[in-house]
Structures are given as C-alpha cells and as structure tokens.
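What follows is a single structure, written as structure tokens, with notes after it.
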Amino acid sequence: MKIKQIAATKNGRLLVIGVVLQIIYLLFSIIYFKERIIAADPAHFLFHISGTGTYYYLQRVIVLFSGVLPVMGTQLGCSIHTAMLLYSINTALMYSLPFILILVVFKDESLAICLLLFQFIFPIKTHYLAISELQHGLIFLLVYWAFIGYRYRQNKSILNQPITYILLFIIMNAHPLIALAFYGSCLLMSNQKTYWHFKDQRVLMLLAIAFFLITRILLATEYETILMTHSLNGILNDYNIYLLRLMISKLIRGYFLAIIVGSLGFYFLVRNYKLKIMLPLIAIVIVNFAFIYLRFHEIGLVETFYEIYLSIIFFLAFLSVALYGVNIKKPLKNMVAAIIILLMLMQGYRTIVYADFYKTRMTIYSKVMSQMAAANIDKAVLPFYKAPMSKIVDFYCTPFETYLLSKIDDDPTNDGMIVTYWLSDTVDIERLKHYNASLIRFNIDSFEVFPFEKYPNFNFSDAPLETLDINY
C-alpha cells in the first residue's frame, strides 16, 4: 500500500507522521549513541552487560526490555562499540515499538498521540539518560490502557487475560513514583467509557496496590531506601526557599514548550471533569511536585534526574490533551496539530544542541586519559572539586564511562583506563590501596566496590591506584 493510501485510511495520517518521527528518533539514537550511553546509569548498565554478558537487573522487570539487544550482542561476541550502539537503539525502540503496537494493533489514536507528545515535546536531558525506568513505565502504562480499550471495544473481558496482570505488575514494579501516574491516569480514564468499566477497574486498582507493595517491600533496592531516607530528611530538616525558586525558574525556562501543550491539557481537564476528579488529580500533582523538589534539593546540579521526576506531571497533562484533542473540530484540529509539530521540531533542535554537554564531558575525559598515559597511570583517583564540575556534573559513574570511552575512541594508548572522582579537593590514596583489583564508585557520603573478577569479558590492569594533578 502506498503512503497516500495509508494516509487516507483511519489513523493513517497519524501512522505516517508517527513512523517518520520514530525513524528520525532511531537515527538520532545511532548518531548520538556515545552521548546517550557514556553518561551516568547507561554507562554503568552497559559496563555490566558487556563485562558479564548478562542483564543489569536491579529488581525492576522493565530493565529486561531495554537491554535485549546489547545482551544478545554481547553473548554473540560483539565488541563494546557494537554493544553500545545496540543499547542506544534498544532504548529508542522502547518508544517506537509501543507506538506501533498502540496504533496499529490496538488501533488507539488518542494514546498514540499521547506517546508522541510525551516522547517529543517533554524531554531534553533524558534523551541522553535513555534507561529511565519511570519513563519506560509510563510508556507501558499507555500500552496497558490501549490494550484495555481494545478489549472493551470488542466486548471482551480484560480480567481473564494474563497480559492484563503481567503489564500491571511490570508497570507497578517500574519505579516508586509510578503509582502517582497510574492512579492519575485512572482518574482521567474514569470519564472515558472506552477504557473504564468500574467493576473491572476496582479489581485492577486493588491489585495495583498489591503489586506496588510487593515491589516496595520485597524487591526494593538499597538505592531506593537511601534515596527515600534522604528525601524524608529533606522534608523534616531543610526546606530551602532559594532552591524552590531556582527549581521553578529552571522548570519554566527548560520546559516552556511542554508547558504550552500541558496548559491545553489543563483546559480540557477543567472543561470535562467534575471537582471530585479534579481535586485528587491536583493532589497527585502536588505530591509529585514535592518529590521533584526533594530530588532537586538532594542532587542540585544533576538536572537529568529532576527531569525524570517531572515526567509524571507532563504525562498526565498530555494524556488529557490526547483524550480530548481528538474531538476538536477539523479546521482547529489541523491548526493545533501543525503547532504541535512545530513545537516538536523546536524541541528536537534543543535536544540536539544539548548533546554538546555530553561531547564536552567526553573531551574532558579524553584529556585526562592523555595525561594519565603520559604519566604511565592506568587507574587514577582524582579530586572532583579540582575538576570543571559544571561540565562533568554526574561524577558517580565516571569509572564506567571512562573505561567504555577508552575502548571505543581512536587512541590505542588509553585502552582500559579508569578514572574515578572522589568528592573532595584532595585524595587519600593510601586509604584505597586495598582496592587495586576493583573499580570504585564514590557517592556523596560513601563508596562502592566492584571487583574486577565479576567482569570476565574485560581485561583490567593490575597496576595500583594512583592520583595526579590534571591540567583541565
């Protein structure tokens, strides 16, 4: 079938536009694969995948979907370079494949539009932190509702389908904050007969609570526990009006395009929902905003994670737009669609410009490793406060980032080099002399040790850890 014929079918124009956008996004993931993977958690996850040939699991099932290609590639013997490229492509497919599933298989125009809005209007920084479990969980949430709507339109039950429960568990297991998005989406869907049969949803909402509690109690990670402890300390001990104002300022300046589209969602909310629905939704937004502040308070400069927490508010706003925007009369609908496509192009340009941040980080690492090579040092621990902090920002995965970068760059003299940043202005190298056969990752108030023997696919230097003065 030709493109013109496809565009003339129901949902055809949206399919053509969506497929074009997804192809562009896949090309983006290929062109900027280094920027997307040699950055914080993706670097850590790929280091584990390439070093062991297995998943980096962390008790979140959704991670199994985002790592399929690099795990398969590594098990087939591919290089780190190829595994990195596969990882970037795989994380792009976490949006592309659900879009096709929602629109082509489940034939849901509204939720396909919501996915595109969420993918191309909201994020900038998290395009480069491509393994965000919360954002992937939100995409699966759209698949969940699309499946429910599809079954209801066929007058078939959703409670006798195993996929209903599998999807619900994956979603509630994805991230601690996913519960806010799930129950927020339930409130929005409660006005939609296509998706909402209360007797069924009552069962699923109770089951969602059970899945969430199982995940939080039995499958919680140490990282989540530490993060929650720090957040509670922030609530009880240290409210900072300056940080709140800074956060709001960054929100307005960084996400003004998403705010424009999200405002349309608020308009639809006010117009179509009664107060008994609006008030719980507002409460969800307030709770989410509190967590956003606490995350911002905790890590300050690391704005990528701040963006992850913001995603729930914009997801719900875009869902409101998608549910009611399809009912706008055609002339106005075409104008709104044209404006949104223009905003997507603007956001795409901003995202590409932001790649310079990650290019700069890799340039800094390359300069550091060149000086290490001149000093005949393979593993260096450096004081973070003497580095250009505003250009590096995320220091806690630098060991994984530098090792991977050394393996794929054009300089054969730095292969296998590891740089570790210690959050200080001096390094007590004697304190670390027992960890020469391990990779060390420093956190704000502790450090973690990753013995080299856990990564049989890699070859590491047996040289001692050293420090040196770097000319940045």
Side-chain angles (χ1 to χ4, degrees), residues 29 32-51 55-58 60 62-63 66-67 70 80 83-85 87-88 90-92 94 123-137 174-175 177 221-224 226-227 230 254 292 295-296 298-311 351 354-366 368 382 384 387-408 418-423 439-448 450:
S29 73
Y32 293 96
F33 78 98
K34 289 187 290 186
E35 290 82 357
R36 281 164 53 83
I37 303 303
I38 303 181
D41 290 341
H44 183 189
F45 285 25
L46 184 68
F47 183 91
H48 179 90
I49 290 170
S50 292
Y55 283 100
Y56 190 75
Y57 175 46
L58 278 180
R60 294 180 181 178
I62 207 160
V63 172
S66 63
I80 291 175
M84 191 178 296
L85 180 60
Y87 203 10
S88 185
N90 198 148
T91 50
M94 293 293 287
I124 297 178
K125 300 173 177 64
T126 46
H127 286 304
Y128 301 95
L129 189 72
I131 49 94
S132 168
E133 293 96 346
L134 177 56
Q135 292 175 339
H136 291 168
H175 192 276
L177 292 187
T221 64
E222 183 181 0
Y223 168 76
E224 290 175 3
I226 293 172
L227 185 60
H230 286 176
I292 293 166
R295 191 62 164 143
F296 189 78
E298 181 65 29
I299 53 181
L301 289 173
V302 189
E303 296 176 20
T304 306
F305 297 97
Y306 160 68
E307 183 174 291
I308 290 172
Y309 278 40
L310 269 175
S311 60
T351 300
Y354 191 69
D356 290 343
F357 170 78
Y358 295 97
K359 293 180 189 295
T360 299
R361 292 178 85 240
M362 287 189 284
T363 300
I364 291 170
Y365 290 157
S366 294
V368 169
L382 307 177
F384 184 60
M389 294 182 290
S390 63
K391 295 181 179 179
I392 296 175
V393 180
D394 300 323
F395 69 93
Y396 72 103
C397 283
T398 300
F400 309 110
E401 295 168 345
T402 49
Y403 182 89
L404 295 175
L405 178 62
S406 75
K407 289 289 189 177
I408 69 166
I418 298 173
V419 178
T420 303
Y421 278 109
W422 194 344
L423 196 62
L439 184 148
I440 303 171
R441 179 173 74 177
F442 284 89
N443 299 315
I444 292 174
D445 52 8
S446 63
F447 66 88
E448 298 175 71
F450 302 85

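We use all heavy atoms of the structure for the numbers below, so side chains are in, but hydrogens, waters and symmetry mates are not.
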A side-chain contact here means heavy atoms from C-beta on lying under 4.5 Å apart; do [X] and [Y] qualify?
X: F357; Y: V393; value: yes
X: S311; Y: T126; value: no
X: M84; Y: I38; value: yes
X: C397; Y: D41; value: yes

>> Suppose we screen for side chain to side chain donor-acceptor pair (under 3.5 Å). Which residues come up paired with T420, at least two apart in sequence or across chains?
In response: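 None.
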Hey, could you give me the [atom1]/[atom2] distance between [X] and [Y], rounded to the nearest 0.5 Å?
X: S132; Y: Y309; atom1: OG; atom2: OH; answer: 10.0 Å
X: L46; Y: I80; atom1: CG; atom2: CD1; answer: 7.5 Å
X: L405; Y: T363; atom1: CG; atom2: OG1; answer: 9.0 Å
X: H44; Y: R441; atom1: NE2; atom2: CZ; answer: 5.0 Å

>> Tell me which one of W422, Y396, Y421, F395 satisfies ring-ring contact (aromatic ring centres under 6.0 Å, His included) with F442.
In response: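 Output: one option passes, namely W422.
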What are the two closest non-hydrogen atoms of [X] and [Y], and how far apart are they?
X: L129; Y: A39; result: CD1-O, 4.1 Å
X: S66; Y: Y87; result: O-CE1, 3.3 Å
X: A387; Y: I392; result: CB-CD1, 3.8 Å
X: E307; Y: I124; result: OE2-N, 3.1 Å
X: L439; Y: I418; result: CD1-CD1, 4.2 Å
X: L177; Y: L134; result: C-CD1, 4.3 Å

> Sub-3.5 Å donor-acceptor pair from the side chain of T91 to the main-chain atoms of I131, do we have one?
Replying inline: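 Answer holds: no.
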> Does R36 offer a backbone N or O that forms a donor-acceptor pair with the side chain of S88 under 3.5 Å?
Replying inline: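 Here the side-chain-to-backbone pair does not exist.
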> Looking at the rings of F450 and F400, which for Trp means the six-membered one, are their centres under 6.0 Å apart?
Replying inline: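 Yes; F400 has its ring centre under 6.0 Å from that of F450.
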>> What verdict does the side chain to side chain contact (heavy atoms under 4.5 Å, CB included) test give for E35 and M362, after you've listed the backbone C-alpha separation in whole Å, the side-chain angles of each residue and the deciding distance to 0.1 Å?
In response: CA-CA 8 Å; E35 290 82 357; M362 287 189 284; 3.9 Å; yes
> Is it true that the NZ or CZ of K34 lies under 6.0 Å from the centre of Y358's six-membered ring and within 45 degrees of the ring axis?
Replying inline: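 The answer is no, since K34 fails at least one limit relative to Y358.
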> Do the rings of Y403 and F47 sit parallel, tilted or perpendicular, given the 30° and 60° boundaries?
Replying inline: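 Perpendicular: the ring planes of Y403 and F47 meet at over 60°.
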> In chain order, what residues pass the salt bridge (charged side-chain N to carboxylate O under 4.0 Å, His left out) check against K391, with sequence neighbours excluded?
Replying inline: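 So K391 forms no salt bridge (charged side-chain N to carboxylate O under 4.0 Å, His left out) with any residue.
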